[in-house]
Amino acid sequence: MAVDTAHVGTVRRAGRPRDESRDADILEAARLELAERGYARMTMAGVAARAGAGKATVYRRWPSKADLVIDSIMCASEAALGIGDVPDTGSLRGDFARVKALASRDDAVWGALTGLISEIGHSPELREAVHERLICPRQALVRALLARAEARGETVPGADLDLIAGVPTAMIIYRLKLTGEPLDPAFLTALTEDVVIPLATGYADRDPDPA
C-alpha cells in the first residue's frame, strides 16, 4: 500500500540521517497494530517488529506512541485541508460542498478515531495529539469558511462564529463516542445543511443541488 509521507511531522536530531524509505512500512505497521490490538495494547516494539525495523529507528522518528499513531492516521487520509485549498464558490453552502468533494477520504481519520476515542480519557498524551493534529485543523477550516461567509454578508449579525465552528466536531465526537452511529454521507450533509449553515446564516432552506 503506497503511503504519502510528505505531510508527516519531522523530528530533527543530530547524527546519521534517518532512512525515510522505512517510514511507509512503519506507518502501515502502526495502522495494523492499532486495528488488531487497540491503542492501549499496541507498543512501539510491536510496530518495529512488524515493520522489520529496529526499535531505535522507530523512536528516532516518533518520540511517542501518540505521535506515531496520529501520523499513521494522517497518512491514511488526505492531507488536512486549509482555506486556500477550497475555492470561493460565492456561498457558504457551495464552499461546504467543495470541502466534502475535496476531503473524499477524511473518513479514514474519523474511522480511526472510533478506535481511539475510548482511550483519550486515559492518555493525556493521546488526547493532546488528537486535539492538536486532528481536531484543531478541521475546526480551523470551518472557522475560516464562516469568516469568508461573514465577509460576503451571509452570516447573521453578531453570530458567534467561534462557537459555531466547534459544532461539527462536537457532533461527530458525540456520534463516535456515545451513539456509535455511522458517519455516513447523509449525516455529514445534514450536519452542514441543517445545523451549521442555519446557525450561521439564519436560513434553513436546503439547496438540493448546491453549486
Side-chain angles (χ1 to χ4, degrees), residues 4 6-7 70-71 73-121 126-211:
D4 176 10
H7 299 278
I70 298 302
D71 273 355
I73 293 171
M74 294 293 286
C75 286
S77 70
E78 299 291 347
L81 293 172
I83 189 63
D85 300 310
V86 184
D88 188 338
T89 66
S91 73
L92 183 59
R93 177 172 283 108
D95 287 356
F96 272 124
R98 293 305 296 269
V99 168
K100 285 186 286 185
L102 290 168
S104 59
R105 292 174 60 197
D106 208 47
D107 58 337
V109 171
W110 300 119
L113 267 181
T114 303
L116 295 180
I117 202 74
S118 62
E119 302 296 334
I120 288 176
L126 178 62
R127 183 170 62 246
E128 181 179 357
V130 167
H131 181 257
E132 292 298 323
R133 300 192 55 201
L134 295 181
I135 303 301
C136 285
R138 286 158 179 78
Q139 194 163 306
L141 175 59
V142 174
R143 180 62 178 83
L145 292 176
L146 292 172
R148 182 188 280 178
E150 183 181 42
R152 297 190 199 103
E154 288 185 82
T155 59
V156 176
D160 189 337
L161 301 186
D162 291 324
L163 184 63
I164 295 170
V167 168
T169 298
M171 293 189 67
I172 286 170
I173 295 297
Y174 173 81
R175 203 171 178 94
L176 288 173
K177 187 168 186 176
L178 295 180
T179 72
E181 296 172 89
L183 298 176
D184 53 25
F187 166 73
L188 296 174
T189 296
L191 181 56
T192 54
E193 295 281 350
D194 299 335
V195 179
V196 179
I197 292 173
L199 282 173
T201 67
Y203 294 99
D205 292 336
R206 179 185 292 194
D207 183 347
D209 185 22

Self-check item: CA sep, side-chain torsions, deciding dist, call: Val195, Leu199, side chain to side chain contact (heavy atoms under 4.5 Å, CB included)
Solution: CA-CA 6 Å; Val195 179; Leu199 282 173; 4.0 Å; yes

Quiz item: To the nearest 0.5 Å, what is the distance between OG1 (Thr201) and CD (Glu150)?
Solution: 13.0 Å

Quiz prompt | Closest approach of Ala165 to Leu146 (non-hydrogen atoms, all atoms of both residues) | solution = N-CD1, 3.9 Å

Practice problem: Please identify each residue that fulfils side chain to side chain contact (heavy atoms under 4.5 Å, CB included) with Leu141, with sequence neighbours left out. | Solution: Leu81, Ile83, Val86, Val99, Leu145

Quiz item: Any idea which heavy atoms bring Gly94 and Ser91 closest together, and the distance?
Solution: N-OG, 2.9 Å

Self-check item: Nearest non-hydrogen partners of Leu134 and Arg138, listed with the distance
Solution: O-NH1, 2.9 Å

Quiz item: Taking atom CZ of Phe187 as the centre, does the number of heavy atoms from other residues, nucleotides or ligands within less than 6.0 Å exceed 12?
Solution: yes

Quiz item: Can you find a pair of side-chain heavy atoms, one from Leu163 and one from Val167, that are under 4.5 Å apart?
Solution: no

Exercise. Would you check if Thr192 and Lys100 make a side-chain contact, meaning some heavy-atom pair closer than 4.5 Å?
Key: yes

Practice problem: Search all heavy atoms of Arg148 against all heavy atoms of Asp88 and return the closest pair with its distance. | Solution: NH1-CA, 3.4 Å

Quiz item: What are the two closest non-hydrogen atoms of Val196 and Pro168, and how far apart are they?
Solution: CG2-CG, 3.6 Å

Quiz item: Mind checking whether Arg133 and Asp71 have side chains closer than 4.5 Å, heavy atoms only?
Solution: yes

Quiz prompt | For Ala149, side chain to side chain contact (heavy atoms under 4.5 Å, CB included) partners two or more places apart | solution = Leu92, Arg152, Glu154, Thr155

Self-check item: salt bridge (charged side-chain N to carboxylate O under 4.0 Å, His left out) contacts touching residues 161-175 (sequence neighbours left out)
Solution: Arg143-Asp162, Arg175-Glu181

Quiz item: Which heavy atom in Ala129 sits nearest to a heavy atom in Ile70, and how many Å separate them?
Solution: CB-CG1, 3.7 Å

Quiz item: What's the spacing between Arg93 CZ and Ile197 CD1 if we round to 0.5 Å?
Solution: 4.5 Å

